[in-house]
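I have a structure here, written as structure tokens, and I will follow up with some questions on it.
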Amino acid sequence: MKRRNFIKRTLGGASLLSWKALSSGIQDESRMEDFHSSNQRKRAREIGIRIGDLKTGFYNAITDVEGVKVGHATIVKGEGKGAVRTGVTVVLPNKNIQEENLYASYFNLNGWGEMTGIAPIEQTGRLESPIFLTGTLNVGIVYDAAVEYLTKNNNKDHGTIAAPIIAECDDSSLSDSRKRMITGKDVFKAIESARGGLVEEGAVGGGTGMVTFDFKGGIGTSSRIIPMKDREFTLGILVMANTSIRSQLRIDGFPVGKKIKGYEYEEGKSKSIILIAATNAPLLPFQLKKIAKRVALGLAQTGATSNTGSGDIILAFSTANKLPRGHSHEFLRIQSINDFWITPFYLATVEATQEAVINALTTSHTVVGRDGNTAYGLPLDQVQKIIKKYEILKEKHLE
Amino acid sequence: MNRIQKLDLLKKDLRSFQPGPKNSITDIKGVRVGHLTINKDTQDQAGEKISVRTGLTAIIPCDMMEENRLFAGMHGFRSNTEITGYQVTDDFCYLNSPVILANSRNIGRVYNAIFSFGFSLGRSEIWPPVALGLDDSWLNDLDKFSIEENQIIRLLQNCSSKPVEEGSAGVGFGLRAFGWKGGIGSSSRIFSFGGKKFHVGVMVASNHGNLFSFNQKKQGTAKDSAPTPGSLNIVMSVDIPLVPYQIKTVANSVVVGLPSIHTMTNNQDSVTCFLFSTANAMSLKNEGPPVFNYRIAGDSVLDIVTRAGVEAVNEALLNSLLKASPVEGRLGRRVETIPKAEIRKLFSKKGSSTGI
């Protein structure tokens with residue numbers, strides 16, 4: 001029940017935009033109906049798409065990893081020429097990442113993108129800043145605001161602040177990004193709104209102007225539980241999806257993208273995806289690098305081929321080993337998963353990544369952006385029908 | 001007498017940390033080293049003379065009877081030689097086998113012999129074998145002689161924790177550095193951290209700087225082939241508990257921290273630093289527990305380890321030159337021990353742009 005209310009809330013004013021699309025673009029009545037129903041956004045699991053075998057976490061979100069919070073600030077301004085559809089999403093890894101660092105690592109699947117603050121992470125293995133996801137041209141402003149935020153919360157006795165992590169995808173096809181409408185206030189708003197539990201997905205925060213597989217993309221998340229001997233670990237993924245072309249889209253292995261009719265996106269400018277992996281399992285930086293690589297495999301399951309203009313960058317962190325800030329402490333007690341036992345984490349990573357990308361598609365509503373460019377929400381009815389057809393075919397084949 | 005301690009000029013510069021009791025990589029508990037030196041003249045079937053001036057040097061990092069994994073990492077600067085086990089070291093960051101330095105001809109045999117050695121101990125797995133390749137073709141008929149497997153296994157069985165024999169021993173027998181006789185050198189340093197004493201031990205195989213101009217006149221006659229680029233191979237061990245990202249940082253810093261004279265002599269020489277920590281050995285009996293508990297050193301130790309390491313590498317390199325006895329090899333070539341005056345030129349502050 002909670003979920004339903006939640007979706008209504010996320011649709012909010014933005015659904016007005018889709019009505020505009022309706023009046024301007026779509027005349028065929030049957031398609032109109034289809035369009036209407038396709039705008040009732042749902043998560044992949046709610047329309048019967050079940051990816052993988054592992055159990056999801058309670059919220060099926062990155063926030064299932066205890067302590068991780070997600071916040072958004074969405075900016076929707078103007079219509080037609082000069083319309084702005086952008087925003088920022090923040091992932092807070094714990095209560096105070098500055099004082100309590102976490103191990104992290106990253107994988108650069110295709111480097112045509114930006115993720116600031118990575119050089120120190122590669123050097124020290126430590127995450128010392130929240131993670132911000134935004135549009136390409138917003139990076140400087142968000143960086144500046146992040147520095148302000150970190151400085152504000154900084155205990156000067158412990159030294160200066162670390163480099164913040166700002167990752168980007170290009171939202172210029174739906175947003176007049178050159179205007180750089182984002183301000184420090186928006187960034188602070190996103191941080192203040194950050195909470196655990198349900199994560200708003202789709203065209204929100206940094207995902208507001210993103211297009212993926214030539215449908216409206218944006219923020220998506222998913223999680224998996226990894227049972228291990230006498231305990232359980234959780235792994236969550238959050239993506240900002242803006243990548244790939246329609247014909248490549250596969251959902252749970254079925255080539256859905258090729259079969260969908262209508263809803264063409266003409267701009268054809270989708271590129272880049274940022275993927276964040278979080279886990280409460282004690283993994284050291286070199287092990288997190290392996291997780292980050294498996295995130296890339298999960299992305300591949302959606303059909304994405306990491307095209308040349310796509311900046312596909314992955315960050316993975318673990319909340320288990322809590323490292324006191326600074327480098328002056330003499331000895332630390334830490335834990336690490338035995339490499340022999342790490343394989344289930346890979347499965348969880350691949351499953352959750354795939355589902356997070358699909359969630360970004362299924363939860364994003366249609367957005368009309370700059371110059372009337374319209375990115376349609378994935379038509380869920382069609383998708384359901386296509387998958388059902390394939391499943392019947394598959395069963396027949398197996399018989 | 002010709003140990004570096006006897007050179008007043010360098011003593012002062014190289015000793016801000018105390019060396020360990022053996023001043024050798026074997027100061028690290030559990031580390032054992034052995035050499036196999038091969039010096040023989042034979043003939044091939046066509047009756048041509050073959051000069052074999054080669055060998056192997058093996059480093060056993062810990063007790064090999066059980067499956068222990070040590071955290072390890074490496075940094076290669078312009079690395080142009082073979083390093084097996086590269087991917088596992090890069091990705092899984094552990095060492096679980098002896099490290100053997102051999103000429104490039106023998107890498108395959110060494111690789112295979114490490115397997116055989118592991119099986120002979122009753123282990124189910126010894127993976128990945130780590131073999132570092134060197135080029136000793138200046139003095140050695142590289143293409144015409146291969147080492148037998150049982151020799152390699154015997155070498156591994158006979159490694160000892162005595163001070164490492166230096167100079168023209170083991171793989172160092174056919175090496176050449178700065179146009180003079182190069183080879184094996186070793187040194188160690190003690191440092192204290194958190195109220196405890198720790199060691200860093202170094203072994204080098206010097207085979208670089210041959211295109212460098214200090215000894216240009218000595219570089220043979222016109223009959224000789226052109227000198228080939230070489231490599232400085234550093235194996236470093238610490239007993240302070242470090243985790244992989246720290247190990248990578250130290251390996252990287254040590255290579256960068258070497259005086260430029262060692263590394264910038266030409267644009268083809270490579271420097272490889274392979275580093276492992278003997279603390280926090282992961283015991284994998286019955287696959288081990290799902291989660292390991294470690295006590296690790298904080299990052300503030302890294303610059304101490306690096307400084308001590310660079311010092312030890314410098315001393316080991318000097319030892320490798322000073323201890324090396326002259327060797328006469330292929331095509332009647334003779335490579336001499338470096339004269340002390342040349343050492344001064346190479347390593348004094350005047351000679352090197354950065355000094356040491």
Side-chain angles (χ1 to χ4, degrees), chain A residues 101-107 119-128 159 162 226-233 279-294 318 320-321 323-346, chain B residues 67-69 71-75 87-94 96 124-125 127 191-196 198 240-253 256 279-306:
Chain A
N101 300 164
L102 303 174
Y103 280 136
S105 186
Y106 104 123
F107 179 57
I121 286 186
E122 282 292 274
Q123 183 61 38
T124 65
R126 279 160 181 258
L127 182 66
E128 300 185 59
I226 302 118
M228 185 173 285
K229 259 190 176 172
D230 51 345
R231 58 203 282 199
E232 280 184 344
F233 293 114
T279 178
N280 62 357
L283 299 178
L284 296 185
F286 78 95
Q287 295 172 316
L288 288 161
K289 179 147 276 187
K290 293 156 177 288
I291 296 290
K293 286 175 181 169
R294 268 54 176 203
S318 154
N321 290 307
L323 311 162
R325 182 181 178 184
H327 305 290
S328 57
H329 41 270
E330 282 171 340
F331 294 100
L332 295 167
R333 288 201 176 277
I334 58 163
Q335 291 190 319
S336 148
I337 294 273
N338 183 341
D339 280 335
F340 273 123
W341 297 72
I342 209 171
T343 305
F345 287 89
Y346 299 158
Chain B
E67 199 165 332
N68 287 314
R69 290 182 175 183
F71 279 134
M74 71 172 92
H75 179 73
Q87 284 73 21
V88 174
T89 313
D90 185 46
D91 199 3
F92 286 76
C93 309
Y94 74 80
N96 186 24
S124 60
E125 185 187 86
W127 168 263
F191 60 93
S192 45
F193 183 73
K196 278 189 163 186
F198 294 99
I240 188 159
L242 301 181
V243 279
Y245 80 89
Q246 296 172 316
I247 286 176
K248 261 181 199 159
T249 301
V250 172
N252 194 322
S253 310
V256 175
N280 283 334
M282 289 171 268
S283 171
L284 294 178
K285 251 187 192 168
N286 309 324
E287 296 203 337
V291 176
F292 288 114
N293 288 295
Y294 299 125
R295 180 165 168 271
I296 65 162
D299 286 355
S300 56
V301 79
L302 298 185
D303 47 349
I304 305 174
V305 179
T306 304

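Proteins get letters first, then strands, A, B, ... in listed order; numbering begins at 1 in each.
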A:K229 portion near chain B, given a 4.5 angstrom heavy-atom threshold
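Side chain only.
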
Exercise for review: Verify, without hydrogens or angle tests, whether A:N338 (side chain) and B:E287 (backbone) share a donor-acceptor contact under 3.5 angstrom.
Suggested key: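 Yes; at least one donor-acceptor contact below 3.5 Å.
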
Can you check whether anything in residues 291-298 of chain B gets within less than 4.5 Å of chain A, heavy-atom wise, and list it by number?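 Checking residues 291-298 of chain B against chain A gives B:V291, B:F292, B:N293, B:Y294, B:R295, B:I296, B:A297, B:G298.
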
**Asked** For B:L302, is it the side chain, the backbone, both, or neither that has a heavy atom closer than 4.5 Å to a heavy atom of chain A?
**Response**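 Contact with chain A involves no heavy atom of B:L302 at all.
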
- Task: Considering only heavy atoms and a distance below 4.5 Å, find which of B:G73, B:G288, B:G195, B:P241 pairs most often with chain A.
- Result: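 It is B:G288.
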
Does A:F233 have any ring pair (Phe, Tyr, Trp, His ring centres under 6.0 Å) partners at least two apart in sequence or in another chain, and if so, which?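 Checked A:F233 against ring pair (Phe, Tyr, Trp, His ring centres under 6.0 Å); matches are A:F345.
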
Start with the C-alpha gap between A:N321 and A:Q335, add the side-chain angles, then the distance that decides, and say whether side chain to side chain donor-acceptor pair (under 3.5 Å) holds.
CA-CA 7 Å; A:N321 290 307; A:Q335 291 190 319; over 6 Å; no

*Should the pair A:K290-A:D339 be classified as a salt bridge under the 4.0 Å nitrogen-to-oxygen rule?*
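No.
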
* **Toward chain B, the part of A:L284 with a non-hydrogen atom under 4.5 Å** =>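 Side chain only.
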
### Task
Answer with side chain, backbone, both or neither: which region of B:P244 has an atom nearer than 4.5 Å to a non-hydrogen atom of chain A?
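Interface part for B:P244: side chain.
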
### Query
Just by modelled atom types, is the A:T343 backbone N or O under 3.5 Å from a matching donor or acceptor in the A:R294 side chain?
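Checking the backbone N and O of A:T343 against the side chain of A:R294, no donor-acceptor pair under 3.5 Å is found.
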
* Can any side-chain N or O of B:N252 pair as donor or acceptor with the backbone N or O of B:H75 at less than 3.5 Å? ->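 Between the backbone of B:H75 and the side chain of B:N252 there is no qualifying donor-acceptor contact (under 3.5 Å).
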
Which atoms of B:V301 come close to chain A, meaning under 4.5 Å heavy atom to heavy atom: side chain ones, backbone ones, both, or neither?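 Neither; nothing under 4.5 Å.
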
Answer yes when B:K248 and B:D90 have at least one side-chain N-carboxylate O distance shorter than 4.0 Å, and no when they do not.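 Counted as a salt bridge, because a side-chain N and a carboxylate O are separated by less than 4.0 Å.
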
With A:F340 via ring pair (Phe, Tyr, Trp, His ring centres under 6.0 Å) - residues at least two apart: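 Ring pair (Phe, Tyr, Trp, His ring centres under 6.0 Å) check on A:F340 returns nothing, list empty.
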
For B:S253, what residues pass the side-chain contact (heavy atoms from CB on, under 4.5 Å) criterion, not counting sequence neighbours?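 side-chain contact (heavy atoms from CB on, under 4.5 Å) list for B:S253, sorted by chain: B:T249, B:T306.
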
